[in-house]
Novice: 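Quick one: the structure is below, and I'll ask about it shortly.
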Amino acid sequence: MKTLLAALALTTAMTAPGLALAKNVTLSTTMKSYGGDGAYLAIYVTDPSGAYAGSLWMAGGKSKYYKHLSDWARATGGDTAEVSGITGASVGAGRSLELSMDLADALFDAGYTLHIDAAVEDMRDSPNEIAVPLTSDGAGKAVKGRSYIDTFSYNF
Amino acid sequence: MKPLLTILSLTTALGAATVALAVTAPAQCPGSCQLSLSPDATDTPLLRVDSDDDDDWKWFGLRQKHGDDDDEDEDEDDCEDDDDDEGCMTTGGGNAAPAAPSTPPKNGLFGNGQPPQVKSN
């Protein structure tokens, strides 16, 4: 009995830290009424040195248009494996996209930056339209986009 | 002289008969049948060809349109392909179809290995 309890305590101790290393984050993007087709959005993160760290979401399903998300495409070489399992539909003008995900705690207050590249068919590409540092203080603060994105914010 | 006149009148009569046989009544020929030069009524009469094929022009218009864009678009599928749920690049209104549940990439960003939940309006 004691052995069993010890084993349970050990496994719990090993599991609990893992549960505490991530937080549920909601990314909210509202598009402007830019008068065009649905926008492709690449949401990705760079590390403190500015190097590509990984993708969080790809809005837009046709990989042949990913080249228009030029900063993302340059960083990833257009590798669709980077967005495998995290791809959805493009976002229409005037519409909003809300994403809820568990993100590693290590991304916050550590110099990581969230970027969004945007592109609309037959309109100008907008790489790095959003670039926000991932910080505890930055949560809940809306930032304005340059071309197609009205506002973007992240919340815990 | 008389044989010559006889021959001339004979050929004239034959020619007139040929023309009479070749002219087909419009009612017997559908569409835009016109005069046929063939004495044989079974031959296909000349038809007025309509060169304004809308489908071809439309396709050409699409090709031309896409030719003005990046050159790789010339090799792309017809935008009217209905197999994809997003048509050309998008469905025009921002398709709200959510991503199918799947494992996100193992890039160290996701804490629990679960895919993001998406909500779009």
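This structure is a prediction, so every number in the text was calculated from the model and none was measured. So you know, we letter chains A, B, ... as the sequences are listed, proteins then strands, and number each from 1. Computed over heavy atoms, backbone and side chain alike; hydrogens, waters and symmetry mates excluded.
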Novice: If every non-hydrogen atom of Ala104(A) is compared with every non-hydrogen atom of Gly108(B), which pair is closest and at what distance?
Specialist: CB-O, 3.8 Å

Novice: Would you say the side-chain atoms of Asn107(B) pair up with the backbone N or O of Ser55(A), donor to acceptor, closer than 3.5 Å?
Specialist: yes

Novice: With sequence neighbours left out, what residues match Asp47(A) under salt bridge (charged side-chain N to carboxylate O under 4.0 Å, His left out)?
Specialist: none

Novice: What is the minimum heavy-atom distance between Gly85(A) and Pro115(B), and which atoms define it?
Specialist: O-CB, 4.0 Å

Novice: Identify which part of Leu27(A) has an atom lying under 4.5 Å from any heavy atom of chain B, answering side chain, backbone, both or neither.
Specialist: neither

Novice: Inspect the surroundings of CD in Gln117(B) and state if more than 12 heavy atoms from other residues, nucleotides or ligands are less than 6.0 Å away.
Specialist: no

Novice: Of the backbone (N, CA, C, O) and the side chain (C-beta and beyond), which part of Ala106(A) lies under 4.5 Å from a heavy atom of chain B, both, or neither?
Specialist: neither

Novice: What part of Leu107(A) lies closer than 4.5 angstrom to a heavy atom of chain B: side chain, backbone, both or neither?
Specialist: side chain

Novice: Could you list the residues that satisfy salt bridge (charged side-chain N to carboxylate O under 4.0 Å, His left out) with Lys141(A), not counting sequence neighbours?
Specialist: none

Novice: So which atom in Ala81(A) and which in Pro105(B) form the shortest heavy-atom distance, rounded to 0.1 Å?
Specialist: O-CB, 3.9 Å

Novice: Is the closest side-chain heavy-atom distance between Leu56(A) and Pro116(B) below 4.5 Å?
Specialist: no

Novice: Looking only at non-hydrogen atoms, find the nearest pair between Gly111(B) and Ala22(A) and report the distance.
Specialist: CA-CB, 3.5 Å

Novice: In Å and rounded to the nearest 0.5 Å, what is the OG to NZ distance from Ser28(A) to Lys119(B)?
Specialist: 8.5 Å

